[in-house]
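Residue numbering restarts at 1 for every chain, and letters A, B, ... go by the order of the sequence lines.
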Amino acid sequence: MPHQDVRVRFAPSPTGGLHLGGVRTALYNYLFARQHGGKFILRIEDTDQTRFVPGAEEYIIQCLEWCGLTPDEGPHVGGPFGPYRQSERKHLYRQYAEQLIENGWAYYAFDTPEELEAKRRQHPNFQYDTQTRSQMTNSLTLPAQQVKDWLEEGRPHVIRIRMPEHKTLHIHDLIRGEVVFHTDQIDDKVLLKADGMPTYHLAVVVDDYLMQISHVFRGEEWLPSTPVHLLLWENLFGIEYMPKWAHLPLILRPDGHGKLSKRDGDRLGFPVYAMDWTDPFTGETTRGFREMGFLPEAFLNMLALLGWNDGSEQEIFALDELTERFSIDRIHKAGARFDFEKAIWFNHEWIKRLPITHYLETIKAFFHQHHIALPNDTQLIPTLELIKDRCRLLTDFVEQGKFFFVPPETYDWSAIQKKWSPQMKACFEAWEQELANIHPWKAETIEQSLISTATQHALKKNDMLLPLRIMLVGGKFGPPVFQIAEHLGQRETQQRIHHALSHLE
RNA sequence: GCCGCGUUGGUCAAUCGGCUAAGACGCCUCUCUUUCACGGAGGAAUGACGGGUUCGACUCCCGUACGCGGUACCA
């Protein structure tokens with residue numbers, strides 16, 4: 001009897017940084033599992049030993065953790081269906097491949113990679129399939145004794161699926177509906193490689209069965225190989241155990257055409273990976289969303305809406321809201337272009353919505369990276385609150401807030417040059433002395449004081465504002481200037497005016 | 001080449017036969033703020049093409065075009 005519980009898996013192969021498309025796949029899996037009270041499983045698909053990259057698995061786990069997509073089972077937390085790393089399950093697969101051979105659904109093939117390559121050079125459209133396998137070196141064409149001998153002497157071989165002839169395969173996809181394939185068009189995929197490792201096709205079916213996976217959410221690039229999986233399910237475990245398929249639309253590059261790749265990010269100046277990834281072989285680091293100043297809430301929100309919407313006008317969703325609203329039938333069929341500007345917009349919205357305390361530590365870390373010393377939290381938080389609305393990325397806090405903690409190194413004098421005069425200088429010099437008499441040190445009282453000093457010098461307050469801003473901030477930006485002065489404190493404000501005046505004639 | 005999937009503004013997209021085709025991002029204008037942003041109000045901008053079906057097609061069907069994916073002892 002097929003199992004009823006919802007069990008879904010995110011099954012990346014640990015070959016490098018975690019692509020945003022991968023995170024979205026993980027997200028949809030996670031949402032579906034949570035929505036149905038099911039389990040979200042992490043399985044590491046490391047059957048290609050030549051592509052093993054040290055550190056990649058740990059990195060993937062950290063990315064999921066940063067996003068808040070915590071697996072219920074996985075190589076790092078264990079679980080009742082382990083091991084969760086395919087390389088550690090190697091011994092499991094061969095028996096299934098051999099079972100298929102016994103039933104006539106697979107065969108041994110002794111063609112070497114070199115032979116196959118030569119064949120493909122000769123016939124560019126060569127495919128190892130129902131038509132061509134009779135000309136190849138395999139257990140279907142060789143005498144039984146020959147096969148037996150070769151196997152006994154350990155001759156390298158693979159096991160290939162034997163595609164039936166002239167059959168139509170119907171696959172029901174939760175997103176696309178009925179998809180039909182013809183077996184004559186499909187090649188005899190390798191199931192077990194010469195090194196004894198299964199290929200994706202065998203491993204995915206065996207493990208989904210053994211791990212009792214109920215639904216498979218994976219990228220659309222897998223759709224063409226689904227008929228192979230279907231046949232395997234049919235002949236190994238029974239179609240009634242087969243998970244439901246949902247092939248997700250691809251995330252496309254913003255310009256031109258094609259799947260979004262790491263290279264597009266490098267070229268166009270935006271991240272593609274969830275977090276910074278350093279290639280252990282070249283030492284080269286690729287920037288990630290996290291390090292670029294994205295909140296995980298925004299990152300996930302943006303990804304969720306790339307290919308799905310709930311039909312309303314709402315665009316901002318927290319993870320628990322997504323869990324509530326998510327539905328497979330509202331997933332788009334067509335691929336979506338990634339738009340970095342929109343991603344930034346999502347981040348801005350989340351920065352504005354969340355309390356500073358929610359991401360205080362992250363901001364502090366960014367300041368520390370720039371060697372900027374910060375005051376204690378009770379003083380820091382109100383200051384950050386003041387600039388919050390103008391920060392689209394968390395790294396913007398450094399840019400927008402630095403002047404609160406470090407006096408300006410340069411001044412944008414050009415902004416005030418036209419209106420600057422000796423009278424104005426005299427007025428500021430007088431006001432500088434006045435600062436000590438301002439009580440309490442509040443934006444309103446500071447403003448009143450400036451007004452009265454300006455009036456005494458036959459100047460207008462409004463003409464004083466920009467020069468004051470330049471003296472305190474260095475440039476033409478930031479919150480209202482008297483609030484800046486309030487946050488700076490009397491002493492610091494006085495010092496900055498004094499210092500600025502000594503540099504102005 | 002073959003197979004599969006897809007096609008509403010520049011981008012994300014709503015629409016499940018009644019459309020004068022939502023909304024968001026971005027862009028432009030105005031407004032607020034005597035800084036820069038935020039906010040607020042407006043604006044320009046869309047159904048690939050050709051046939052059907054229908055009283056009526058963006059919506060259904062069939063072609064064509066275009067795009068993408070697959071076609072590995074990679075996943």
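- Going from atom CD1 of A/Ile344 over to atom C1' of B/rC27 covers 16 Å, rounded to whole Å.
- Atom CG of A/Asn138 and atom P of B/rC73 are 14 Å apart (whole Å).
- Across all strands, A/Pro480 comes closer than 4.0 Å to base atoms (heavy-atom distances).
- At B/rC73, none of the side-chain N or O atoms of A/Lys189 fall inside 4.0 Å of OP1 or OP2 (strictly under the cut-off).
- Between A/Lys119 and A/Asp111 no salt bridge is recorded (no basic side-chain N to carboxylate O distance below 4.0 Å).
- Between A/Arg392 and B/rA37 there is no side-chain polar atom (N or O) within less than 4.0 angstrom of OP1 or OP2.
- In this structure, of B/rA14, B/rC36, B/rA75, it is B/rA75 that holds the atom nearest to the side chain of A/Tyr200.
- When the P atom is used for both B/rA24 and B/rA44, the distance is 14 Å, rounded to whole Å.
- Within 4.0 Å of A/Val180, counting heavy atoms only, lie sugar-phosphate atoms of the nucleic acid but no base atom.
- With a cut-off of 3.5 Å on both pairing distances, the Watson-Crick or G-U wobble partner of B/rG1 is B/rU71.
- Atom CD in A/Glu313 sits about 12 Å away from atom P in B/rU15, given to the nearest Å.
- If you take CD of A/Gln483 and C1' of B/rU35, they are 13 Å apart, rounded to a whole angstrom.
- In summary, A/Glu492 and A/Arg496 engage in a salt bridge, as defined by a charged side-chain N under 4.0 Å from a carboxylate O.
- Between A/Ser312 and A/Gln127, the residue anchored nearer the 5' end of RNA chain B, judged by the nucleotide with its closest heavy atom, is A/Ser312.
- Closest approach to the A/Gln185 side chain among B/rC73, B/rG4, B/rC3 is made by B/rC3 (side chain taken as heavy atoms from C-beta onward).
- Separating the P atom of B/rG39 from that of B/rG6 is a span of 38 Å, rounded to the nearest Å.
- Using N1 to N3 plus N6-O4 or O6-N4 for Watson-Crick, or N1-O2 and O6-N3 for G-U wobble, each under 3.5 Å, B/rG47 pairs with nothing.
- Between A/Trp222 atom CH2 and B/rG70 atom P the separation is 9 Å, expressed in whole Å.
- Note on A/Pro479: a base of the nucleic acid sits closer than 4.0 angstrom, heavy atoms only.
- Residue A/Arg51 places no side-chain N or O under 4.0 Å from the OP1 or OP2 atom of B/rA75.
- The side chain of A/Glu349 sits closest to B/rG39 out of B/rG26, B/rA72, B/rG39.
- Using N1 to N3 plus N6-O4 or O6-N4 for Watson-Crick, or N1-O2 and O6-N3 for G-U wobble, each under 3.5 Å, B/rC60 pairs with B/rG52.
- Across all strands shown, A/Ala336 has heavy atoms under 4.0 Å from sugar-phosphate atoms exclusively, and none from any base.
- Using a 4.0 Å heavy-atom cutoff across all strands shown, A/Val158 reaches at least one base atom of the nucleic acid.
- The nearest whole Å value for the distance from the CG atom in A/Asn309 to the C1' atom in B/rU15 is 11 Å.
- The residue A/His348 sits close only to the backbone: its heavy atoms come under 4.0 Å of sugar-phosphate atoms, none of a base.
- The residue A/Asp195 sits apart from the nucleic acid: no heavy atom pair falls under 4.0 Å.
- For B/rC62, the O4'-C1' to base torsion is more than 90° from 0; the nucleotide is therefore anti.
- Note on A/Arg85 versus A/Glu57: salt bridge recorded, some NZ/NE/NH1/NH2 to OD/OE distance being below 4.0 Å.
- A/Phe181 comes within 4.0 angstrom of the backbone, heavy atoms only, and of no base.
- Residue A/Arg337 has no polar side-chain atom (N or O) positioned under 4.0 Å from OP1 or OP2 of B/rC25.
- Put simply, A/Arg330 has a side-chain N or O that comes within less than 4.0 Å of OP1 or OP2 on B/rU15.
- One can place NE2 of A/His332 at 11 Å from C1' of B/rU15, the figure rounded to the nearest angstrom.
- Of the residues near RNA chain B, A/Lys333 and A/Val481, the one whose nearest nucleotide (by heavy atom distance) lies more toward the 5' end is A/Lys333.
- Salt bridge status for A/Asp208 with A/Arg9: present, with a side-chain N to carboxylate O gap under 4.0 Å.
- At least one cation-pi condition fails for A/Arg325 and A/Phe317: the charged atom is not both under 6.0 angstrom from the six-membered ring centre and inside a 45 degree cone around its axis.
- The residue A/Gly219 sits apart from the nucleic acid: no heavy atom pair falls under 4.0 Å.
- Here B/rA14 presents its C1' atom at 15 Å from CZ of A/Arg325, a figure rounded to the nearest Å.
- Salt bridge A/Arg120/A/Glu117: absent, no basic N to carboxylate O contact under 4.0 Å.
- Pair check for B/rC32 finds none; no Watson-Crick or G-U wobble contact set falls under 3.5 Å.
- Nucleic acid contact for A/Ser225: none, since no nucleic acid atom lies under 4.0 Å from a heavy atom of the residue.
- Residues A/Phe270 and A/Leu20 fail the side-chain proximity criterion, which asks for heavy atoms closer than 4.5 Å.
- Counting only heavy atoms from C-beta on, A/Thr199 has its side chain closest to B/rA75 among B/rC12, B/rC36, B/rA75.
- Between A/Glu45 and A/Arg51 there is no salt bridge, since none of the side-chain N atoms of the basic residue sits less than 4.0 Å from a carboxylate O of the acidic one.
- Spacing of P atoms, B/rG26 relative to B/rG40, comes out at 13 Å, to the nearest Å.
- If you check the side chains of A/His247 and A/Thr226, you find a donor sitting under 3.5 Å from an acceptor.
- OP1 or OP2 of B/rG70 lies within a sub-4.0 Å distance of a side-chain N or O belonging to A/Lys259.
- Side-chain contact, A/Tyr84 with A/Asp207: no donor N or O sits under 3.5 Å from an acceptor N or O.
- Ranking B/rC25, B/rC36, B/rC5 by closeness to the A/Leu223 side chain, first place goes to B/rC5.
- Relative to the side chain of A/Arg176, the nucleotides B/rC5, B/rG1, B/rG26 differ in distance, and B/rC5 lies closest.
- Using the Watson-Crick or G-U wobble rule with both distances under 3.5 Å, B/rA65 pairs with B/rU7.
- Counting only heavy atoms from C-beta on, A/Leu306 has its side chain closest to B/rC12 among B/rC74, B/rG6, B/rC12.
- When both pairing distances are held under 3.5 Å, B/rU20 makes no Watson-Crick or G-U pair with any nucleotide shown.
- Side-chain proximity of A/Arg390 to B/rA22, B/rC36, B/rU7: nearest is B/rC36.
- Closest to the A/Glu221 side chain, of the nucleotides B/rU35, B/rA75, B/rC5, is B/rA75.
- Of the candidates B/rC5, B/rC25, B/rC74, B/rC5 carries the atom nearest the A/Glu220 side chain, counting heavy atoms from C-beta on.
- A/Lys352 has a side-chain polar atom (N or O) that falls below the 4.0 Å cut-off from OP1 or OP2 of B/rG39.
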